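Note that the structure is a prediction, hence the values are computed from the model and not measured. Below, read A as the first sequence line, B as the second, and so on, with proteins coming before strands; counting in each chain starts at 1.
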2 protein chains.
Amino acid sequence: MRKRNVNPSVDTRETLLRLAARSFATQGYTATTMRSIADQAGIEAASIYYHFSSKEELVDIVMEHGADSIVRHINEHFDALPANAGADDRFKAALVGQMSALIKFGDYALAHGRLLSQLPDKVRERQIKRRERHQRLWTTVFDDLRKEGFLREDVDIALCRVFVLGFINSVQTWFDPKKGSLDKVADQFITMFFEGVQPAAKRRRSGRRKELAASS
Amino acid sequence: MRKRNVNPSVDTRETLLRLAARSFATQGYTATTMRSIADQAGIEAASIYYHFSSKEELVDIVMEHGADSIVRHINEHFDALPANAGADDRFKAALVGQMSALIKFGDYALAHGRLLSQLPDKVRERQIKRRERHQRLWTTVFDDLRKEGFLREDVDIALCRVFVLGFINSVQTWFDPKKGSLDKVADQFITMFFEGVQPAAKRRRSGRRKELAASS
DNA sequence: GTCTATAGATTGATAGAC
DNA sequence: GTCTATCAATCTATAGAC
């Protein structure tokens, strides 16, 4: 006979975190008040301080969850790969891993992506350190793609990176789980990314009206 | 002899708008206080109310500037095209137009991109209407690309769109005008987008280890 | 664990002098 | 056009009852 809810405060704590994450992500740090979080949880604002010592601690934990969930998801997808996986397989694993973290832990991940500049100094410094794991992870993925010959020599790897990550992070703003799977989106993206969107018939259009490229 | 500074309040007004845009973009709507804006402008908070009737009006004007600068920049780049320009030329014009607006009017454009969910209801509704012009503009660009045969049949146009716009909007977070020109970035992106990043030697790798694609 | 009550600071905004 | 002075509302956080 398993004990259930011996310590119900754990549930309240998680409810508070979830509500806080949503409000932080959509309203911002300052606009999110302890009162509004408490209201949604059905308790008084003062009661929050039994679970968290301050608003700063609350947002710090939310940010930590966001950062962790992304890195953890990516690593889980890495671990599921066979030993002979190529750089392209690890690329897709990282892609799907990060996208599914953004969808599953939407509010935490959104907070992680949007809130940095609004945070109190101490929390922001901690959060910047947490991001470094994530940065290194993607650096390795792209370096391996190049090493194993999946990237043309003339492709700028830094541009490539912002290109891919810009896309991934936009997923939160448009993806609807009811209308499709992340895996299909990832496959379509990978095809576009590696092969381009141009029909074979139009390839290498050469420099028609080159002077246009110089105007700006 | 041209009159100069007959009405110096115009300068103060623009200074306030510029400072407000920066603070709104980085700190968020609620975290930006009338006092902090006034401090940076070297006046008292109460003096702002001579130029703007409320904080809501202030943020509304900032958002309007952001939306307008983007649409205006894109249209200027369209107007510079010759009559025989193709859909690919208009694509690049829109690309460079929006990117240069994001860089030139950074704080206004950032506010426009980040602040929507934090705004008071009335301001948010107005801002959503303003965005429609921008949406229609890009819809036309992508429809024309397809009509004129620049997109493969199997390419999902909606995905294509978030792909491109996700990239463009990420420009603000990494582009450094000292290290390169937007036009070069646009050219590299366009090459990657149409032709893909894969070397010709690796094209059509077929379905090696297809079961990986089904895992999630 | 959650409550009531309240302290202490800060906010958007107004009134009226200059 | 900008100032000083101030108000009412709202914020985070604490103290202590239950």
Side-chain angles (χ1 to χ4, degrees), chain A residues 3-63 111 115 118-124, chain B residues 3-63 111 115 118-124:
Chain A
K3 289 191 236 174
R4 185 207 285 259
N5 266 356
V6 168
N7 185 1
S9 74
V10 171
D11 293 339
T12 303
R13 189 188 147 93
E14 271 177 26
T15 301
L16 289 171
L17 276 175
R18 206 186 59 245
L19 294 170
R22 175 149 64 197
S23 184
F24 282 138
T26 56
Q27 308 299 124
Y29 176 69
T30 309
T32 298
T33 67
M34 300 301 258
R35 252 189 262 289
S36 74
I37 298 172
D39 282 351
Q40 296 174 66
I43 61 176
E44 291 299 311
S47 307
I48 297 182
Y49 291 88
Y50 172 80
H51 302 276
F52 306 96
S53 70
S54 68
K55 191 183 177 183
E56 276 196 27
E57 183 185 308
L58 186 52
V59 78
D60 192 40
I61 296 177
V62 166
M63 297 295 279
L115 229 55
Q118 305 178 25
L119 297 174
D121 290 346
K122 287 185 182 178
V123 183
R124 184 170 55 247
Chain B
K3 290 189 233 173
R4 183 207 286 260
N5 267 357
V6 168
N7 184 3
S9 74
V10 170
D11 293 338
T12 303
R13 190 187 146 92
E14 273 178 24
T15 301
L16 290 171
L17 276 176
R18 206 185 60 243
L19 294 171
R22 175 148 65 196
S23 184
F24 282 138
T26 55
Q27 307 299 123
Y29 176 69
T30 309
T32 298
T33 66
M34 300 300 261
R35 269 175 180 77
S36 75
I37 297 173
D39 282 351
Q40 296 174 67
I43 62 177
E44 290 299 311
S47 307
I48 297 182
Y49 292 88
Y50 173 81
H51 301 275
F52 305 96
S53 70
S54 67
K55 192 183 176 184
E56 275 196 28
E57 183 185 309
L58 186 52
V59 78
D60 192 42
I61 296 177
V62 166
M63 297 294 280
L115 228 55
Q118 305 178 24
L119 296 174
D121 290 347
K122 288 185 181 178
V123 183
R124 183 169 57 248

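- Taking atom NE2 of residue B:H51 and atom P of nucleotide D:dT2, one finds them 4 Å apart after rounding to whole Å.
- A sub-4.0 Å separation between OP1 or OP2 of D:dT2 and a side-chain N or O of B:Y50 is absent.
- Atom NZ in A:K55 sits roughly 12 Å away from atom C1' in D:dT10 (whole-Å rounding).
- Rounded to an integer number of Å, the gap from B:F52 CZ to C:dG12 P is 15 Å.
- Across the protein-nucleic acid pair, A:D39 atom CG and C:dC3 atom C1' stand 14 Å apart, rounded to whole Å.
- Applying the side chain to side chain donor-acceptor pair (under 3.5 Å) test to residues at least two apart or on different chains, the pairs with a partner in residues 19-33 of chain B are B:S23-B:T32, B:T33-B:S36.
- With sequence neighbours excluded, the residues that form a side-chain contact (heavy atoms from CB on, under 4.5 Å) with A:A20 are A:F24, A:I37, A:L58, A:V62.
- Of the possible donor and acceptor atoms, none in the side chain of B:S47 sits under 3.5 Å from a partner among the backbone N and O of B:I43.
- B:R35 pairs by the salt bridge (Lys or Arg N to Asp or Glu O under 4.0 Å) definition with nothing, not counting sequence neighbours.
- Looking at heavy-atom distances under 4.0 Å, B:T32 makes contact with sugar-phosphate atoms alone, never a base.
- Backbone-only engagement by A:S54 is indicated by non-hydrogen atom pairs under 4.0 Å involving sugar-phosphate atoms exclusively.
- Whole-Å rounding puts the A:I48 CD1 to D:dC11 P distance at 12 Å.
- Which of D:dT12, C:dT11, C:dA13 sits closest to the side chain of B:T33 comes down to C:dT11.
- At whole-Å resolution of the value, OH in A:Y29 and C1' in D:dT12 are 9 Å apart.
- Counting heavy atoms from C-beta outward, B:I61 and B:R13 have side chains that approach closer than 4.5 Å.
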Next item on the list: Output, in order, the C-alpha distance, side-chain angles, deciding distance and verdict of side-chain contact (heavy atoms from CB on, under 4.5 Å) for B:F52 and B:L17.
Entry: CA-CA 10 Å; B:F52 305 96; B:L17 276 176; 3.7 Å; yes
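- If you measure from atom OH of B:Y49 to atom P of D:dC3, you get 14 Å, rounded to the nearest angstrom.
- For the side-chain contact (heavy atoms from CB on, under 4.5 Å) test, residues two or more places apart in sequence or in another chain that qualify with B:S54 are B:E56, B:E57.
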Every protein N/O lying under 3.5 Å from an N/O of nucleotides 4-6 of chain C:
none

